[in-house]
Protein chains: 2
Amino acid sequence: MIQSTDQATARVLVVDDEPNIADVISMALKYNDFEVATAGDGNQALEQVAEFRPDLIVLDVMMPGLDGFQVAKRLAERSADIPILFLTARDTTDDKIRGLTIGGDDYMTKPFSVEELIARIKVILRRAGRTAADSPRLTFLDLELDDDTREVFRDGHPIELTDTEFRLLRYLMGNPRRVLSRAQILDHVWEYDFAGDARVLETYVSYLRRKLDKYGPGLIVTVRGVGYALREPKD
Amino acid sequence: MIQSTDQATARVLVVDDEPNIADVISMALKYNDFEVATAGDGNQALEQVAEFRPDLIVLDVMMPGLDGFQVAKRLAERSADIPILFLTARDTTDDKIRGLTIGGDDYMTKPFSVEELIARIKVILRRAGRTAADSPRLTFLDLELDDDTREVFRDGHPIELTDTEFRLLRYLMGNPRRVLSRAQILDHVWEYDFAGDARVLETYVSYLRRKLDKYGPGLIVTVRGVGYALREPKD
DNA sequence: AGAAAAATTCAGGCTTCTCTCAGGAAACTC
DNA sequence: GAGTTTCCTGAGAGAAGCCTGAATTTTTCT
């Protein structure tokens with residue numbers, strides 16, 4: 001019973017044999033107002049599909065017993081027609097994965113960033129038309145960010161961002177004005193098991209500022225001792 | 001007895017092997033209208049979860065026997081799905097801790113300030129939607145304070161505050177008109193084992209007054225020999 | 001494989017914050 | 001109104017936090 005702007009929150013089934021991963025994902029999804037169920041292997045997954053009737057499945061490819069592709073195949077045979085987001089290890093040969101993005105499906109390699117996962121899930125659901133789709137376009141003052149095209153504009157001027165810069169900006173724009181702690185940002189924007197130097201964040205904030213502030217006043221404010229926030233410049 | 005806007009007060013379980021800490025926290029929580037139970041180790045904690053059915057757990061990481069992470073893991077396996085606020089020593093490597101803010105969880109390093117603890121607990125519960133969420137925005141006359149954005153306004157004018165100034169003002173605004181003793185303020189706003197010169201408080205009151213009174217009459221009154229209070233100016 | 005781009009680490013320098021201290025002002029007491 | 005206590009506030013040292021350029025490693029592309 002929270003804000004729940006759309007009456008139908010989407011249901012997502014998370015299938016992964018590593019409980020830690022399943023937990024991370026399901027926590028993140030719940031936090032983003034999805035209904036979540038989990039399964040630890042292929043058979044459980046098939047049961048859950050029948051019971052829980054998910055709108056989307058996050059499906060690990062590498063699992064003991066029925067692997068992800070096999071699960072997908074069974075579902076296709078049942079013509080269950082539920083979009084799937086596959087999770088694969090980094091070194092999985094692309095061959096099998098390739099054909100996936102042709103349908104409504106998609107895939108990500110582990111480890112991924114949570115923001116990215118959420119973003120992709122929203123894209124898929126939006127396509128499938130099952131959720132009251134927030135627009136893929138985020139705006140904040142004269143800043144615009146398009147999730148589909150990955151374009152960013154400030155005051156109409158296109159701005160080239162690298163992948164990390166883009167994800168960082170998207171997270172900030174998704175939480176305008178709210179002060180986000182360093183830990184929050186690292187957890188959401190970087191890969192979930194990122195254990196490196198937390199100063200990357202400072203560096204990337206620095207990069208973003210340099211690019212964004214070419215066309216207007218600074219928007220990313222430092223809240224010393226806490227974190228960063230997107231905020232209208234004080235005039 | 002106090003405002004208690006929501007009929008259902010949230011239940012919080014405090015788990016710490018140092019009784020002093022557990023006491024400090026549970027007193028503070030009770031004072032803020034939470035129902036509180038405590039546990040001294042991991043196993044007690046698991047029992048209490050079953051009995052007391054808390055809405056949130058304040059969980060020390062470093063404990064003899066089952067440590068905090070292990071407790072959390074057990075709970076996750078039971079899919080108990082209760083948000084957790086971890087307490088860690090200052091020097092704990094971030095590695096294990098980070099990753100927590102993906103879900104609804106959060107963490108604080110000891111020693112912390114009690115006000116900050118309460119504030120974070122409210123944030124988590126608000127997110128989890130289990131309590132009729134007081135808005136993150138405190139107001140007193142023409143003063144406004146937003147906990148999410150850490151913005152403060154007086155009569156519409158934005159006011160820049162440092163971290164300590166902000167926490168002090170939040171405490172005052174959370175207890176409008178009530179006279180707060182120096183000891184209370186030091187205990188809540190500063191780290192609980194703060195042993196420095198108590199005159200810091202005077203200095204910070206001074207800072208706050210200077211910033212706030214630019215846009216209106218003085219709101220922080222000195223109650224000589226006792227402490228300070230937020231109070232409407234006598235006309 | 002080689003080159004280019006991106007991501008991350010690192011270190012120096014700079015800014016800001018916190019807390020201490022001390023003199024003076026204000027408020028109480030008698 | 002003098003004495004005493006309490007409080008206010010400016011100044012400054014030290015520490016913490018932050019920024020940014022540059023070096024290094026990793027990844028991607030051709």
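Convention: sequence-line order gives letters A, B, ...; per-chain numbering from 1. Nothing here was measured: the structure is a model prediction, and the numbers come from that model. As a basis for the values below, the full set of heavy atoms in this structure was taken, side chains included, without hydrogen atoms, waters or symmetry mates.
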So, do F153(B) and Y215(B) have ring centers that fall under 6.0 Å from each other?
-> no

Check the side chains of R167(B) and T162(B) for a donor-acceptor pair under 3.5 angstrom, ignoring hydrogens and angles.
-> no

Ignoring hydrogens and angles, does a donor from either the side chain of Y207(B) or the base of dC19(C) sit under 3.5 Å from an acceptor on the other?
-> yes

Looking across every strand, which nucleic acid part, if any, lies under 4.0 Å from R210(B) by heavy atom: base, sugar-phosphate, or nothing?
-> sugar-phosphate

Under-4.0 Å side-chain N/O to phosphate OP1/OP2 contact, W190(B) with dC19(C) | yes

Please state how far atom CD in E165(B) lies from atom C1' in dC19(C), giving the value in whole angstrom units.
-> 13 Å

May I ask you to evaluate whether Y228(A) reaches the phosphate of dC19(D), defined as a side-chain N or O under 4.0 Å from OP1 or OP2?
-> yes

Name the nucleic acid region contacted by R167(A), choosing base, sugar-phosphate or nothing; use a 4.0 angstrom heavy-atom cut-off, strictly under.
-> nothing

Where does the angle between the aromatic ring planes of Y204(B) and W190(B) fall among parallel (under 30°), tilted (30 to 60°) and perpendicular (over 60°)?
-> perpendicular

What does F166(A) touch in the nucleic acid at a heavy-atom separation under 4.0 angstrom: a base, only the sugar-phosphate, or nothing?
-> nothing

Base, sugar-phosphate, or nothing for R199(B), non-hydrogen atoms under 4.0 angstrom?
-> base

Basic-acidic side-chain contact under 4.0 Å: D148(B), R126(B) = yes

Nucleotide nearest R209(B) when distance is taken to its side chain, options dA26(C), dT8(C), dT9(D) | dT9(D)

L168(B) has an atom CG; how far is it from atom P of dC17(C), in whole Å?
-> 15 Å

To the nearest angstrom, the CG-P distance between L201(A) and dC10(C) comes to 16 Å

Considering only dG17(D), dA7(C), dT9(D), which nucleotide approaches the side chain of T203(B) most closely?
-> dT9(D)

K211(A) NZ - dC19(D) P separation (whole Å) | 18 Å

Residue-phosphate contact under 4.0 Å: T162(A) side-chain N/O, dA6(C) OP1/OP2 | no

Could you check how far CD of E202(B) sits from P of dA27(C), rounded to whole Å?
-> 15 Å

Minimum-distance nucleotide (side-chain atoms of R224(B) versus dT18(C), dT8(C), dA27(C)) | dA27(C)

Whole-Å distance between dC19(C) P and D193(B) CG?
-> 12 Å

Could you state the CD-C1' distance from E160(A) to dA4(C), rounded to the nearest angstrom?
-> 16 Å

d(CG, D163(A); C1', dA7(C)) in whole Å = 10 Å

Do K110(B) and E18(B) sit within salt-bridge range, that is, some charged N less than 4.0 Å from a carboxylate O?
-> yes

